[in-house]
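In this chain, residues are counted from 1 in sequence order. For ligands, and for the atoms within them, numbers begin at 1 and follow the listed sequence.
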Amino acid sequence: MRIGYGWDSHAFQAGVPLILGGLPFDHPQGLAGHSDGDVLLHALTDALLGAVAAGDIGTFFPPGDPRWKNADSALFLQTALEEVEHAGYKISNVDTTLILAAPKIGPVAEKLRERVAELLAIDPGCVGIKAKTPEGLHQDDVAVAHAVVLLEKFEEGGALEQMAAVAEPQKQMDDVVRKLVDRTTEPVRKPVFNTDDIT
Ligand code: MG
């Protein structure tokens with residue numbers, strides 16, 4: 001098993017679309033950034049890359065690279081997922097915390113959870129989405145995200161191999177039974193006598 005942790009922060013900026021966890025929000029301010037500023041997906045991307053010691057989001061997508069200007073952060077996450085797969089792991093579960101003054105995440109938490117699960121190609125039951133307001137931090141103009149991931153070793157063939165493991169003893173038993181049946185149904189070989197010899 002592997003554990004990974006990531007965090008990120010982006011400042012709110014007027015006139016920018018707000019996207020969190022791959023979900024567009026109807027909000028007067030978005031998150032400034034070279035890409036779409038999706039702080040939650042950036043934290044998740046770093047957590048996944050960290051879990052397999054594959055560097056960080058900046059290693060793959062340098063902020064100065066014009067190719068990633070206004071990029072959909074789902075692309076970053078997809079790259080991290082490929083690194084995880086390449087290392088021979090799959091996601092067991094993820095947990096995240098968003099810290100932001102607004103908008104309220106509670107009313108859309110379920111939708112957000114489903115969207116993140118969809119992007120990670122895992123069950124929504126394996127995705128934790130929590131949100132807090134930055135009480136006492138005086139950071140109402142910033143969104144912060146923390147993410148942890150747990151990975152488990154991916155077994156080639158997975159469920160199929162398990163089925164084969166169960167099926168193998170059954171197959172051996174079937175072979176034994178088949179041989180026994182064949183023996184009992186084999187035509188009995190009668191000794192061949194040359195009747196001329198019996199005199
Ligand atoms: Mg970022």
Side-chain angles (χ1 to χ4, degrees), residues 2-87 89 91 93-105 108-109 111-122 126-135 137-151:
R2 293 287 188 101
I3 192 168
Y5 167 74
W7 90 279
D8 195 23
S9 69
H10 282 258
F12 278 101
Q13 182 183 323
V16 174
L18 177 61
I19 301 174
L20 289 170
L23 205 65
F25 281 70
D26 187 15
H27 193 66
Q29 291 186 315
L31 294 171
H34 187 62
S35 65
D36 63 5
D38 193 330
V39 71
L40 183 57
L41 292 195
H42 294 182
L44 272 167
T45 300
D46 261 356
L48 289 165
L49 291 173
V52 291
D56 62 17
I57 195 167
T59 313
F60 290 84
F61 307 100
D65 192 328
R67 280 180 298 169
W68 317 124
K69 180 83 184 137
N70 299 322
D72 180 350
S73 296
L75 174 72
F76 305 161
L77 191 69
Q78 188 57 42
T79 298
L81 288 173
E82 284 165 14
E83 287 298 312
V84 166
E85 191 180 342
H86 181 69
Y89 287 87
I91 298 172
N93 74 306
V94 306
D95 190 21
T96 65
T97 300
L98 275 165
I99 304 164
L100 71 178
K104 291 286 176 210
I105 299 299
V108 292
K111 207 172 161 187
L112 189 53
R113 195 163 72 104
E114 282 173 10
R115 178 62 182 142
V116 171
E118 185 183 24
L119 290 172
L120 294 171
I122 59 174
C126 299
V127 176
I129 300 281
K130 309 184 302 296
K132 304 187 80 67
T133 50
E135 298 293 325
L137 292 175
H138 309 291
Q139 291 182 346
D140 287 3
D141 55 346
V142 173
V144 173
H146 295 261
V148 288
V149 304
L150 188 68
L151 307 182

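- Listed by chain and number, the protein atoms of type N/O/S under 2.8 Å from the Mg ion (ligand 1) are D8 OD2, H10 NE2, H42 ND1; waters are omitted.
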Let me check something: any side-chain donor-acceptor pairs from residues 56-63 under 3.5 Å, sequence neighbours excluded? List them with distances.
from, atom 1, to, atom 2, distance (Å)
D56, OD1, G58, N, 3.1
D56, OD1, T59, N, 3.0
D56, OD1, T59, OG1, 2.9
T59, OG1, D56, N, 3.0
T59, OG1, D56, O, 3.1

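- Salt bridge status for E114 with K111: absent, with no side-chain N to carboxylate O gap under 4.0 Å.
- Every residue two or more places apart in sequence or in another chain that forms a side-chain contact (heavy atoms from CB on, under 4.5 Å) with V148 is listed here: Y5, D95.
- Shown here are the side chain to side chain donor-acceptor pair (under 3.5 Å) partners of T79, two or more places apart in sequence or in another chain: there are none.
- Tested against V39, the residues V144, I99, I19, L20 include a single side chain to side chain contact (heavy atoms under 4.5 Å, CB included) partner, L20.
- Within a 6.0 Å sphere centred on CD of E85, other residues, nucleotides and ligands contribute 12 heavy atoms or fewer.
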